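Okay, structure first, notes after.
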Amino acid sequence: MTDTRTLTHVDTLRLPVKQPFHFRYTLWKPSHFATGLEQHSQQRSWRTFRVGELVCGVVLSMDGSDTVHIEVYSDGPWQQADRDRLSARLIHSYGLDEDLSAFVALAEQVPPMREPLTALAGMRQSCPENLFEIAIISLLLQNATVARTAQMMTNLLDHYGLIAEFDGVRLKAFFTPEEIAGVDEATFRERDRLGYRAKYLGRFAEFFTMHDPDEADHASKAELMTEFQTIKGVGPYTAAIIAGHAVRDPSALGLDVWNRKLLAKRLLDADDAEAEVVMTEMHRLFPGYEGLAGLYVIEDAYRERAVVELVQR
DNA sequence: ATCCAGGTTCACA
DNA sequence: TGTGAACATGGA
(Lines give C-alpha, C1' and ligand atoms only; values in the text may rest on other atoms or scores of the structure.)
Protein backbone atom coordinates (compact mmCIF):
# COMPACT_ATOMS: atom_id res chain seq x y z
CA MET A 1 0.00 0.00 0.00
CA THR A 2 1.85 3.01 1.30
CA ASP A 3 5.28 3.39 -0.25
CA THR A 4 7.83 2.36 2.35
CA ARG A 5 11.40 3.59 2.04
CA THR A 6 14.29 2.17 3.99
CA LEU A 7 16.70 5.02 4.59
CA THR A 8 20.43 4.56 4.99
CA HIS A 9 22.83 6.69 7.01
CA VAL A 10 24.39 9.35 4.78
CA ASP A 11 25.68 12.19 6.93
CA THR A 12 26.34 13.68 10.34
CA LEU A 13 25.74 17.38 11.03
CA ARG A 14 26.71 19.53 13.96
CA LEU A 15 24.86 22.81 14.19
CA PRO A 16 25.65 25.51 16.75
CA VAL A 17 22.80 27.03 18.70
CA LYS A 18 22.43 30.46 20.19
CA GLN A 19 21.99 30.39 23.96
CA PRO A 20 19.77 29.99 25.79
CA PHE A 21 18.42 27.00 23.90
CA HIS A 22 15.87 24.54 25.24
CA PHE A 23 16.34 21.43 23.13
CA ARG A 24 13.34 19.49 24.40
CA TYR A 25 10.66 22.18 24.23
CA THR A 26 11.95 23.56 20.96
CA LEU A 27 11.74 20.33 18.98
CA TRP A 28 8.82 18.78 20.86
CA LYS A 29 5.75 20.86 21.61
CA PRO A 30 3.45 19.45 24.30
CA SER A 31 0.40 20.97 22.59
CA HIS A 32 1.00 19.43 19.16
CA PHE A 33 -1.30 16.66 18.00
CA ALA A 34 -0.04 13.36 16.60
CA THR A 35 0.90 13.34 12.92
CA GLY A 36 3.24 10.35 12.75
CA LEU A 37 5.80 12.64 11.11
CA GLU A 38 7.93 12.83 14.22
CA GLN A 39 8.76 11.13 17.48
CA HIS A 40 10.50 12.36 20.60
CA SER A 41 12.14 10.93 23.69
CA GLN A 42 13.68 12.81 26.59
CA GLN A 43 17.05 13.12 24.86
CA ARG A 44 16.31 12.60 21.17
CA SER A 45 14.01 13.58 18.31
CA TRP A 46 13.26 11.77 15.07
CA ARG A 47 11.70 13.57 12.13
CA THR A 48 11.24 13.20 8.38
CA PHE A 49 11.83 15.91 5.77
CA ARG A 50 11.40 16.14 2.05
CA VAL A 51 14.58 17.68 0.68
CA GLY A 52 14.31 18.17 -3.06
CA GLU A 53 13.67 14.74 -4.53
CA LEU A 54 14.93 12.98 -1.45
CA VAL A 55 13.20 11.58 1.59
CA CYS A 56 15.24 12.28 4.71
CA GLY A 57 15.09 11.06 8.25
CA VAL A 58 17.00 12.84 10.98
CA VAL A 59 17.86 11.97 14.55
CA LEU A 60 18.60 15.03 16.63
CA SER A 61 20.21 15.27 20.06
CA MET A 62 22.41 17.68 21.97
CA ASP A 63 26.18 17.48 21.82
CA GLY A 64 27.19 19.39 24.91
CA SER A 65 25.15 22.50 25.56
CA ASP A 66 25.63 24.50 22.39
CA THR A 67 25.67 22.06 19.49
CA VAL A 68 22.84 20.05 17.99
CA HIS A 69 24.07 16.70 16.71
CA ILE A 70 22.17 15.30 13.75
CA GLU A 71 22.42 11.88 12.14
CA VAL A 72 21.02 12.00 8.63
CA TYR A 73 19.38 9.14 6.73
CA SER A 74 18.20 9.26 3.13
CA ASP A 75 16.74 7.13 0.36
CA GLY A 76 19.13 8.26 -2.38
CA PRO A 77 22.54 9.66 -3.26
CA TRP A 78 23.56 12.44 -0.89
CA GLN A 79 25.39 15.45 -2.28
CA GLN A 80 26.93 18.53 -0.73
CA ALA A 81 23.96 20.56 -2.00
CA ASP A 82 21.57 18.28 -0.11
CA ARG A 83 23.64 18.67 3.04
CA ASP A 84 23.52 22.45 2.69
CA ARG A 85 19.82 22.46 1.99
CA LEU A 86 18.99 20.23 4.95
CA SER A 87 21.24 22.24 7.28
CA ALA A 88 19.51 25.46 6.28
CA ARG A 89 16.12 23.81 6.69
CA LEU A 90 16.97 22.59 10.20
CA ILE A 91 18.41 25.91 11.35
CA HIS A 92 15.31 27.67 10.05
CA SER A 93 12.77 25.10 11.28
CA TYR A 94 13.93 25.28 14.87
CA GLY A 95 15.31 28.81 14.95
CA LEU A 96 18.71 27.55 16.08
CA ASP A 97 20.38 30.90 15.44
CA GLU A 98 17.62 33.12 16.80
CA ASP A 99 18.18 35.57 19.60
CA LEU A 100 15.36 35.47 22.14
CA SER A 101 16.70 38.18 24.45
CA ALA A 102 14.48 41.04 23.26
CA PHE A 103 11.37 38.92 23.69
CA VAL A 104 12.44 37.67 27.12
CA ALA A 105 13.20 41.20 28.32
CA LEU A 106 9.71 42.25 27.29
CA ALA A 107 7.90 39.20 28.66
CA GLU A 108 9.68 39.35 32.01
CA GLN A 109 7.72 42.52 32.70
CA VAL A 110 4.44 40.61 32.49
CA PRO A 111 3.63 38.66 35.69
CA PRO A 112 1.60 35.82 34.11
CA MET A 113 4.61 35.11 31.88
CA ARG A 114 6.95 34.37 34.76
CA GLU A 115 6.11 30.69 34.98
CA PRO A 116 6.20 29.99 31.22
CA LEU A 117 9.50 31.85 30.86
CA THR A 118 11.07 29.84 33.64
CA ALA A 119 9.73 26.44 32.66
CA LEU A 120 10.33 26.86 28.94
CA ALA A 121 13.44 29.05 28.98
CA GLY A 122 15.18 28.89 25.62
CA MET A 123 12.20 27.45 23.75
CA ARG A 124 11.77 28.65 20.16
CA GLN A 125 8.98 28.28 17.67
CA SER A 126 9.30 24.96 15.85
CA CYS A 127 8.12 24.34 12.33
CA PRO A 128 9.77 21.46 10.51
CA GLU A 129 6.97 21.80 7.96
CA ASN A 130 7.60 23.96 4.94
CA LEU A 131 5.09 26.54 3.67
CA PHE A 132 3.02 23.99 1.77
CA GLU A 133 2.94 21.52 4.63
CA ILE A 134 2.02 24.04 7.32
CA ALA A 135 -0.65 25.50 5.05
CA ILE A 136 -2.25 22.05 4.82
CA ILE A 137 -2.11 21.51 8.56
CA SER A 138 -3.74 24.84 9.27
CA LEU A 139 -6.38 24.16 6.62
CA LEU A 140 -7.26 20.93 8.41
CA LEU A 141 -7.46 22.79 11.72
CA GLN A 142 -10.15 25.13 10.44
CA ASN A 143 -13.52 24.69 12.08
CA ALA A 144 -12.78 21.12 13.14
CA THR A 145 -11.97 19.32 16.36
CA VAL A 146 -8.40 18.16 16.76
CA ALA A 147 -9.62 14.57 16.57
CA ARG A 148 -11.07 15.22 13.15
CA THR A 149 -8.04 17.21 12.05
CA ALA A 150 -5.86 14.25 13.03
CA GLN A 151 -8.13 11.91 11.12
CA MET A 152 -7.92 13.99 7.92
CA MET A 153 -4.16 14.28 8.35
CA THR A 154 -3.87 10.51 8.71
CA ASN A 155 -5.91 9.99 5.57
CA LEU A 156 -3.79 12.36 3.50
CA LEU A 157 -0.46 11.02 4.72
CA ASP A 158 -1.53 7.40 4.33
CA HIS A 159 -2.91 7.97 0.84
CA TYR A 160 -0.35 10.37 -0.66
CA GLY A 161 2.67 10.40 1.66
CA LEU A 162 5.07 7.61 2.41
CA ILE A 163 6.70 5.68 5.21
CA ALA A 164 10.36 6.09 6.12
CA GLU A 165 12.26 3.56 8.18
CA PHE A 166 15.52 4.63 9.78
CA ASP A 167 17.40 4.23 13.06
CA GLY A 168 14.84 1.68 14.22
CA VAL A 169 11.86 4.03 13.85
CA ARG A 170 9.04 4.03 11.32
CA LEU A 171 7.67 7.49 10.54
CA LYS A 172 5.40 9.02 7.95
CA ALA A 173 6.74 11.55 5.45
CA PHE A 174 4.85 14.33 3.69
CA PHE A 175 3.84 14.36 0.04
CA THR A 176 4.96 17.22 -2.21
CA PRO A 177 2.66 19.62 -4.10
CA GLU A 178 3.46 17.76 -7.32
CA GLU A 179 2.49 14.44 -5.76
CA ILE A 180 -1.09 15.52 -5.13
CA ALA A 181 -1.46 17.73 -8.20
CA GLY A 182 -3.42 15.04 -10.05
CA VAL A 183 -5.88 14.25 -7.24
CA ASP A 184 -9.36 15.63 -7.86
CA GLU A 185 -11.73 17.29 -5.43
CA ALA A 186 -14.14 14.36 -5.24
CA THR A 187 -11.33 12.07 -4.17
CA PHE A 188 -10.22 14.42 -1.39
CA ARG A 189 -13.84 14.67 -0.34
CA GLU A 190 -14.88 11.05 -0.43
CA ARG A 191 -11.70 9.11 0.14
CA ASP A 192 -9.94 11.47 2.52
CA ARG A 193 -13.08 12.79 4.25
CA LEU A 194 -11.99 16.42 3.89
CA GLY A 195 -15.52 17.74 3.55
CA TYR A 196 -15.67 21.28 2.18
CA ARG A 197 -11.90 21.59 2.52
CA ALA A 198 -11.54 19.25 -0.44
CA LYS A 199 -11.95 22.10 -2.88
CA TYR A 200 -9.04 24.03 -1.37
CA LEU A 201 -6.30 21.41 -1.33
CA GLY A 202 -5.88 21.50 -5.10
CA ARG A 203 -5.49 25.29 -4.93
CA PHE A 204 -2.73 24.87 -2.37
CA ALA A 205 -0.88 22.32 -4.50
CA GLU A 206 -1.23 24.58 -7.52
CA PHE A 207 0.07 27.64 -5.68
CA PHE A 208 3.09 25.87 -4.22
CA THR A 209 3.94 24.16 -7.48
CA MET A 210 4.48 27.69 -8.78
CA HIS A 211 6.07 29.05 -5.58
CA ASP A 212 8.79 26.87 -4.04
CA PRO A 213 7.53 26.09 -0.51
CA ASP A 214 11.09 25.92 0.79
CA GLU A 215 11.65 29.49 -0.28
CA ALA A 216 10.57 31.61 2.66
CA ASP A 217 12.19 34.82 1.50
CA HIS A 218 9.69 37.48 0.66
CA ALA A 219 9.84 41.23 0.48
CA SER A 220 7.84 41.84 3.62
CA LYS A 221 5.77 39.95 6.13
CA ALA A 222 2.72 42.04 5.37
CA GLU A 223 3.10 41.35 1.68
CA LEU A 224 3.40 37.65 2.36
CA MET A 225 0.24 37.61 4.46
CA THR A 226 -1.59 39.36 1.67
CA GLU A 227 -0.21 37.03 -0.97
CA PHE A 228 -1.18 33.89 0.92
CA GLN A 229 -4.69 35.15 1.44
CA THR A 230 -5.19 35.21 -2.31
CA ILE A 231 -5.24 31.40 -2.10
CA LYS A 232 -8.84 30.24 -1.61
CA GLY A 233 -9.08 28.57 1.77
CA VAL A 234 -6.43 30.77 3.35
CA GLY A 235 -7.90 33.47 5.56
CA PRO A 236 -6.38 35.59 8.35
CA TYR A 237 -5.92 32.62 10.69
CA THR A 238 -4.16 30.31 8.24
CA ALA A 239 -2.01 33.15 6.92
CA ALA A 240 -0.96 34.00 10.47
CA ILE A 241 -0.07 30.37 11.20
CA ILE A 242 2.08 30.32 8.09
CA ALA A 243 3.71 33.65 8.96
CA GLY A 244 4.25 32.75 12.61
CA HIS A 245 5.44 29.20 12.10
CA ALA A 246 6.97 28.65 8.66
CA VAL A 247 8.17 32.23 8.17
CA ARG A 248 8.99 32.65 11.87
CA ASP A 249 7.56 36.13 12.25
CA PRO A 250 7.40 36.41 16.08
CA SER A 251 4.63 38.99 15.84
CA ALA A 252 2.23 36.81 13.85
CA LEU A 253 -0.51 35.37 16.03
CA GLY A 254 -3.38 33.36 14.57
CA LEU A 255 -6.23 33.49 17.03
CA ASP A 256 -8.65 30.57 17.05
CA VAL A 257 -11.22 29.51 19.64
CA TRP A 258 -8.63 27.31 21.30
CA ASN A 259 -5.80 29.74 21.96
CA ARG A 260 -8.23 32.63 22.39
CA LYS A 261 -9.68 30.96 25.49
CA LEU A 262 -6.25 29.99 26.74
CA LEU A 263 -4.91 33.53 26.37
CA ALA A 264 -8.07 35.05 27.85
CA LYS A 265 -7.68 32.84 30.89
CA ARG A 266 -4.03 33.51 31.42
CA LEU A 267 -3.86 37.20 30.55
CA LEU A 268 -7.36 38.53 31.19
CA ASP A 269 -8.47 36.19 33.96
CA ALA A 270 -11.63 35.34 31.98
CA ASP A 271 -12.99 32.08 30.58
CA ASP A 272 -13.18 33.67 27.17
CA ALA A 273 -13.09 37.08 25.51
CA GLU A 274 -13.69 38.69 22.15
CA ALA A 275 -10.89 37.99 19.71
CA GLU A 276 -10.33 41.71 19.29
CA VAL A 277 -9.97 42.20 23.04
CA VAL A 278 -7.43 39.37 23.30
CA MET A 279 -5.50 40.65 20.32
CA THR A 280 -5.41 44.19 21.66
CA GLU A 281 -4.03 42.92 24.96
CA MET A 282 -1.37 40.85 23.18
CA HIS A 283 -0.32 43.93 21.19
CA ARG A 284 -0.18 46.00 24.35
CA LEU A 285 1.84 43.48 26.38
CA PHE A 286 4.13 42.05 23.70
CA PRO A 287 4.54 44.51 20.82
CA GLY A 288 6.41 42.74 18.05
CA TYR A 289 6.29 39.37 19.84
CA GLU A 290 2.59 38.56 20.03
CA GLY A 291 2.95 35.14 18.41
CA LEU A 292 5.99 34.04 20.38
CA ALA A 293 4.34 35.15 23.63
CA GLY A 294 1.26 33.15 22.70
CA LEU A 295 3.43 30.12 22.09
CA TYR A 296 4.89 30.32 25.60
CA VAL A 297 1.45 30.58 27.19
CA ILE A 298 0.07 27.67 25.21
CA GLU A 299 2.95 25.27 25.64
CA ASP A 300 3.11 26.04 29.34
CA ALA A 301 -0.56 25.12 29.61
CA TYR A 302 0.15 21.71 28.07
CA ARG A 303 3.43 21.06 29.84
CA GLU A 304 1.93 18.82 32.50
CA ARG A 305 -0.39 17.02 30.12
CA ALA A 306 1.15 16.70 26.68
CA VAL A 307 -1.07 15.70 23.76
CA VAL A 308 1.62 13.27 22.55
CA GLU A 309 3.88 12.01 25.31
CA LEU A 310 7.59 11.34 24.93
CA VAL A 311 8.63 7.77 24.11
CA GLN A 312 11.24 5.77 25.99
CA ARG A 313 14.70 5.41 24.46
C1' DA B 1 -31.02 15.24 18.45
C1' DT B 2 -28.66 19.61 18.23
C1' DC B 3 -24.50 21.94 18.73
C1' DC B 4 -19.98 23.11 17.55
C1' DA B 5 -15.03 22.25 16.66
C1' DG B 6 -7.62 25.21 16.98
C1' DG B 7 -12.30 29.36 10.00
C1' DT B 8 -13.36 30.96 5.31
C1' DT B 9 -16.17 32.21 1.61
C1' DC B 10 -19.94 34.30 -0.53
C1' DA B 11 -24.11 36.96 -0.84
C1' DC B 12 -26.43 40.83 0.29
C1' DA B 13 -27.18 45.08 3.07
C1' DT C 1 -17.20 47.84 5.66
C1' DG C 2 -20.28 44.94 8.03
C1' DT C 3 -23.29 40.88 9.20
C1' DG C 4 -25.03 36.12 8.50
C1' DA C 5 -25.56 31.81 6.40
C1' DA C 6 -23.40 27.72 4.39
C1' DC C 7 -19.86 24.62 4.39
C1' DA C 8 -18.62 18.42 5.71
C1' DT C 9 -17.88 15.61 9.26
C1' DG C 10 -18.03 13.34 13.61
C1' DG C 11 -17.94 13.42 18.60
C1' DA C 12 -20.17 15.23 22.85
Side-chain angles (χ1 to χ4, degrees), chain A residues 28-35 37 116 125-129 131-159 183-207 224-246 249 252-268 270-279 281-282 290-303 305-308:
Chain A
W28 169 69
K29 292 293 189 286
S31 80
H32 285 193
F33 67 89
T35 60
L37 294 164
Q125 179 62 273
S126 60
C127 187
E129 292 79 20
L131 295 176
F132 171 64
E133 296 163 353
I134 198 67
I136 288 178
I137 290 175
S138 40
L139 171 69
L140 301 186
L141 284 168
Q142 294 174 13
N143 195 227
T145 57
V146 168
R148 185 155 153 56
T149 299
Q151 176 201 49
M152 293 186 279
M153 187 72 188
T154 296
N155 290 341
L156 291 178
L157 290 175
D158 288 353
H159 296 158
V183 182
D184 65 19
E185 183 183 327
T187 304
F188 285 135
R189 188 179 293 270
E190 292 153 25
R191 183 183 188 216
D192 305 308
R193 315 304 293 160
L194 294 195
Y196 72 88
R197 299 170 188 78
K199 58 178 169 292
Y200 300 130
L201 208 47
R203 309 286 197 99
F204 283 26
E206 183 184 1
F207 182 89
L224 185 69
M225 297 281 276
T226 307
E227 187 181 358
F228 280 138
Q229 290 185 69
T230 65
I231 312 172
K232 288 302 172 200
V234 177
Y237 172 74
T238 303
I241 296 290
I242 295 172
H245 288 66
D249 174 355
L253 172 60
L255 275 188
D256 52 40
V257 293
W258 171 64
N259 60 21
R260 188 188 70 214
K261 288 177 183 171
L262 236 45
L263 293 170
K265 187 155 299 188
R266 185 72 75 115
L267 300 174
L268 299 167
D271 286 338
D272 200 353
E274 294 292 325
E276 195 185 328
V277 174
V278 174
M279 197 58 104
E281 183 67 355
M282 293 300 284
E290 296 85 347
L292 192 52
L295 180 72
Y296 271 75
V297 170
I298 288 152
E299 297 310 329
D300 188 55
Y302 280 81
R303 209 157 40 80
R305 186 190 296 271
V307 177
V308 180

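Since the model is a prediction, treat every value here as computed from it, not as a measurement. Numbered from 1 within each chain, the chains take letters A, B, ... in sequence-line order.
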[atom1] spacing across the pair [N] / [M], given as an integer number of angstrom:
N: C:dT3; M: B:dG6; atom1: C1'; answer: 23 Å
N: B:dT8; M: B:dC4; atom1: C1'; answer: 16 Å
N: B:dA1; M: C:dG10; atom1: C1'; answer: 14 Å

Considering just the side-chain nitrogens and oxygens of A:S138, establish if one lies under 4.0 Å of OP1 or OP2 belonging to B:dG7.
no
Heavy atoms, side chains only, cut-off 4.5 Å: are [X] and [Y] in contact?
X: A:I241; Y: A:L141; value: no
X: A:L201; Y: A:V183; value: no
X: A:F132; Y: A:F207; value: no

Can you list every pair that meets salt bridge (charged side-chain N to carboxylate O under 4.0 Å, His left out) and has a residue in residues 141-159 of chain A, with sequence neighbours left out?
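Salt bridge (charged side-chain N to carboxylate O under 4.0 Å, His left out) check on residues 141-159 of chain A returns A:D158-A:K172.
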Distances under 3.5 Å only, N/O to N/O: pair up the protein atoms with those of nucleotides 5-8 of chain C.
unit_1, atom_1, unit_2, atom_2, d
C:dA8, OP1, A:R189, NH1, 3.0
C:dA8, OP1, A:R189, NH2, 3.2
C:dA8, OP1, A:K199, NZ, 3.4
C:dA8, O5', A:Y196, N, 3.3
C:dA8, O4', A:Y196, N, 3.0
C:dA8, N6, A:N143, OD1, 3.0
C:dA8, N1, A:N143, OD1, 3.4

Map A:G233 and A:F33 onto DNA chain B by nearest heavy atom, then report which one ends up closer to the 5' terminus.
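Looking at the nearest nucleotide for each, A:F33 comes out on the 5' side.
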Residue list, salt bridge (charged side-chain N to carboxylate O under 4.0 Å, His left out) with A:E290, at least two apart or on another chain
none
Partners meeting salt bridge (charged side-chain N to carboxylate O under 4.0 Å, His left out) with A:D184 (sequence neighbours left out)
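With neighbours one apart ignored, the set is empty.
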Measure the distance from [atom1] on [X] to [atom2] on [N] and round it to the nearest whole Å.
X: A:Y237; N: B:dT9; atom1: OH; atom2: C1'; answer: 17 Å
X: A:M152; N: B:dA5; atom1: CE; atom2: P; answer: 15 Å
X: A:I134; N: B:dG7; atom1: CD1; atom2: P; answer: 14 Å
X: A:K265; N: B:dG6; atom1: NZ; atom2: C1'; answer: 15 Å
X: A:L253; N: B:dG7; atom1: CG; atom2: C1'; answer: 15 Å
X: A:M153; N: B:dG6; atom1: CE; atom2: C1'; answer: 15 Å
X: A:N259; N: B:dA5; atom1: CG; atom2: C1'; answer: 14 Å
X: A:I231; N: B:dG7; atom1: CD1; atom2: P; answer: 18 Å

Can I get a per-line list of side-chain donor-acceptor pairs under 3.5 Å for residues 291-300 of chain A, giving both atom names and the distance, sequence neighbours left out?
unit_1, atom_1, unit_2, atom_2, d
A:Y296, OH, A:M123, N, 3.2
A:Y296, OH, A:M123, O, 2.5
A:E299, OE1, A:S31, N, 2.9
A:E299, OE1, A:S31, OG, 3.4
A:E299, OE2, A:S31, OG, 2.7
A:D300, OD1, A:R303, NE, 2.7
A:D300, OD1, A:R303, NH2, 3.1
A:D300, OD2, A:R266, NH1, 3.3
A:D300, OD2, A:R266, NH2, 2.9

Please enumerate all residues that pass side chain to side chain donor-acceptor pair (under 3.5 Å) together with [X], with sequence neighbours excluded.
X: A:N143; result: none
X: A:E129; result: A:R47
X: A:S126; result: A:K29

Run the ring pair (Phe, Tyr, Trp, His ring centres under 6.0 Å) test against A:Y302 and tell me which residues pass, sequence neighbours left out.
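With sequence neighbours excluded, A:Y302 shows a ring pair (Phe, Tyr, Trp, His ring centres under 6.0 Å) to A:W258, given in chain and number order.
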So what does A:V257 touch, heavy atoms closer than 4.0 Å: a base, only the sugar-phosphate, or nothing?
sugar-phosphate
Could you list the protein-to-nucleotides 10-13 of chain B atom pairs, N/O on both sides, closer than 3.5 Å?
unit_1, atom_1, unit_2, atom_2, d
B:dC10, OP2, A:K232, NZ, 3.4

Using the criterion of both pairing distances under 3.5 Å for Watson-Crick and G-U wobble pairs, give all stems of 3 or more consecutive pairs involving DNA chain C.
B:2-5 with C:9-12, B:7-13 with C:1-7
Residues which pass side-chain contact (heavy atoms from CB on, under 4.5 Å) with A:E185, listed by chain and number, not counting sequence neighbours:
A:R189, A:A198, A:K199
Compare the ring of A:W258 with the six-membered ring in the base of B:dG6 and state whether they stack (centres under 5.5 Å, planes under 30°).
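The base of B:dG6 is stacked with A:W258 (centres under 5.5 Å, planes under 30°).
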